[in-house]
Amino acid sequence: MSEAPVLTLGPDCTIRTVRALQDTLSGALAGGEGLTLDCAAVERADVTFVQVVLAADRTARGRAAGIALVNVPPAVESAFRRAAIEHPSAPLL
């Protein structure tokens, strides 16, 4: 079993960048594999980021894959906390 590809996110994960993030996630998930999102560089995140990540995770899980967030900084933790949702951080199977 191979490791999930890693996508490194930029510092701005907000409504201003949501379209580009959606496109990037769609492309990264096109291969049908899971995906690891490295969030170390994220400085700003909002509820649109949460929505996009959860939608991508739902899509990936429909293909027997999933998304995991790693190196989660306070900005990402806060965005998920404000949305009252836990971020997908479980290891991919």
Side-chain angles (χ1 to χ4, degrees):
M1 176 192 235
S2 63
E3 280 191 37
V6 177
L7 176 63
T8 301
L9 301 177
D12 187 12
C13 291
T14 64
I15 195 166
R16 290 183 295 262
T17 62
V18 72
R19 174 52 82 189
L21 180 58
Q22 281 179 309
D23 293 345
T24 300
L25 288 174
S26 292
L29 292 171
E33 299 177 7
L35 183 63
T36 298
L37 300 180
D38 185 342
C39 301
V42 177
E43 296 172 2
R44 292 171 301 285
D46 62 13
V47 72
T48 56
F49 169 72
V50 172
Q51 292 169 330
V52 168
V53 169
L54 293 177
D57 186 53
R58 191 170 35 253
T59 297
R61 291 193 185 279
R63 299 176 184 161
I67 290 180
L69 275 61
V70 297
N71 301 320
V72 179
V76 172
E77 289 284 356
S78 178
F80 276 88
R81 192 172 38 255
R82 286 190 313 268
I85 298 172
E86 288 189 41
H87 62 75
S89 60
L92 300 174
L93 303 176

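Predicted, not measured: the structure shown is a model, and the values here were computed from it.
In terms of heavy atoms, Leu35 sits closest to Leu25 at CD2-CD2, 3.7 Å. Here the closest non-hydrogen pair linking Glu43 and Ala75 is O-CB, 3.3 Å. Considering every non-hydrogen atom in both Val76 and Cys39, the closest pair reads CG2-CB, 4.2 Å. Scanning all heavy atoms of the two residues, the minimum distance from Gly34 to Ala65 falls at N-CB, 3.4 Å. Looking at every heavy atom in both residues, Ala83 comes nearest to Val47 through CB-CG2, 4.2 Å.
Surrounding CD1 of Ile85 are more than 12 heavy atoms belonging to other residues, nucleotides or ligands, all under 6.0 Å away.
The side-chain hydrogen bond (donor to acceptor under 3.5 Å, both in side chains) test applied to Gln51 returns no partner, not counting sequence neighbours. By the side-chain hydrogen bond (donor to acceptor under 3.5 Å, both in side chains) test, Arg63 pairs with no residue at all, sequence neighbours left out. Residues forming a side-chain hydrogen bond (donor to acceptor under 3.5 Å, both in side chains) with Thr8 (at least two apart in sequence, or on another chain): none. Partners of Thr17 by side-chain hydrogen bond (donor to acceptor under 3.5 Å, both in side chains), not counting sequence neighbours: none found.
Looking at Leu21 and Leu9, their side chains come closer than 4.5 Å, going by heavy atoms from C-beta outward.
With Val42 as the fixed residue, the side-chain contact (heavy atoms from CB on, under 4.5 Å) test singles out one of Pro11, Pro73, Pro74: Pro73.
Among residue pairs with one or both ends in residues 11-27, those qualifying as salt bridge (charged side-chain N to carboxylate O under 4.0 Å, His left out) are Asp12-Arg16, Asp12-Arg44; sequence neighbours excluded. Screening residues 35-84 for ring-ring contact (aromatic ring centres under 6.0 Å, His included), with sequence neighbours left out, gives Phe80-His87.
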_Worked check of side chain to side chain contact (heavy atoms under 4.5 Å, CB included) between Leu29 and Ile67_ = CA-CA 9 Å; Leu29 292 171; Ile67 290 180; 4.2 Å; yes
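Without hydrogens or angle criteria, Thr24 side chain to Ala20 main chain gives a donor-acceptor distance under 3.5 Å. Formation of a donor-acceptor pair under 3.5 Å by the Asn71 side chain with backbone atoms of Asp38 is not found in this model.
In this structure, Glu77 CD and Arg82 CZ are separated by 11.5 Å, a value rounded to the nearest 0.5 Å. The distance from atom CG of Leu37 to atom CG of Leu69, rounded to the nearest 0.5 Å, is 5.0 Å.
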